[in-house]
Amino acid sequence: MSDDIRRNMALFPIGIVMKLTDLTARQIRYYEQHGLIEPTRTSGNQRLYSFNDVERLLEVKALIEKGVNIAGIRQVLANGGEGNTEAAVLSTTTERKSREMTDTQLHQMLKQQLRAGRRPGQVSLIQGELSRFFPKRGL
DNA sequence: ATTCTCACA
DNA sequence: TGTGAGAA
């Protein structure tokens, strides 16, 4: 499954993740402290998040907005660790249909987020990052 | 310019 | 959780 390594390949810094998830750096780090995500620390202790991390963060965000606390989210994500997060969510919460992100949908979402946070002159970096994920497909 | 850790309002 | 300080 090379697709798996692709999704787990950490490549964006917290700044990008902030735009992608609409979470503050504080929150992102806070969730990490509570074991909700485990980004890799590549450079000088800089956090690098993978696509899976971003997706996970989005789930966390959704659950937080639903009023679920860290402990609750933990249980949701606990049932499967790195693989069956979706199953856990689907069986534990009320959002059976609202949370089912296919690859295509994820790609679309990322494009939207990217467009929304676009600031003339400094997006080339982000596009460059994403191109690693969508080498041939249209971005 | 960005991100990191730590501590305090 | 937010914010600011001080360093990488």
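Every chain is numbered from 1 and lettered A, B, ... according to where its sequence line falls, protein lines coming before strand lines.
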query: What's the CG-C1' distance between A:L23 and B:dT3, to the nearest Å?
result: 17 Å

message: Without decimals, in angstroms, what is the distance between A:I28 CD1 and B:dT2 P?
response: 15 Å

task: Identify all stems in which DNA chain C takes part, counting only runs of at least 3 consecutive pairs (Watson-Crick or G-U wobble, each distance under 3.5 Å), and give each as one range with another, ordered by first number.
output: B:2-8 with C:2-8

- line: Checking B:dT3, B:dC4, C:dT3 against the side chain of A:R26 (C-beta onward), the nearest is C:dT3

message: Looking at A:Y31, I'd like to know whether one of its side-chain N or O atoms comes within less than 4.0 Å of OP1 or OP2 on C:dT1.
response: yes

- request: Check every atom of B:dT2, C:dG2, C:dT1 against the side chain of A:Q46 and return the nucleotide holding the closest atom.
  value: B:dT2

message: Between C1' on C:dG2 and CD on A:Q33, what's the gap in Å once rounded to a whole number?
response: 14 Å

message: How many whole angstroms separate atom CE of A:M18 from atom C1' of B:dT3?
response: 10 Å

- prompt: Over how many whole Å does the gap from A:R29 atom CZ to C:dT1 atom P extend?
  reply: 13 Å

C:dT1 phosphate, OP1 or OP2, under 4.0 Å from A:T24 side-chain N/O: no

message: Looking at A:R56 and A:L36, would you say the former's side chain and the latter's main chain have a donor-acceptor pair under 3.5 Å?
response: yes

task: Would you classify A:G44 as touching base, sugar-phosphate or nothing, given that sugar-phosphate means primed atoms plus P, OP1 and OP2, and contacts are heavy atoms under 4.0 Å?
output: nothing

task: Take the protein atom CG of A:L48 and the nucleotide atom C1' of B:dT2, then report the distance between them rounded to whole Å.
output: 12 Å

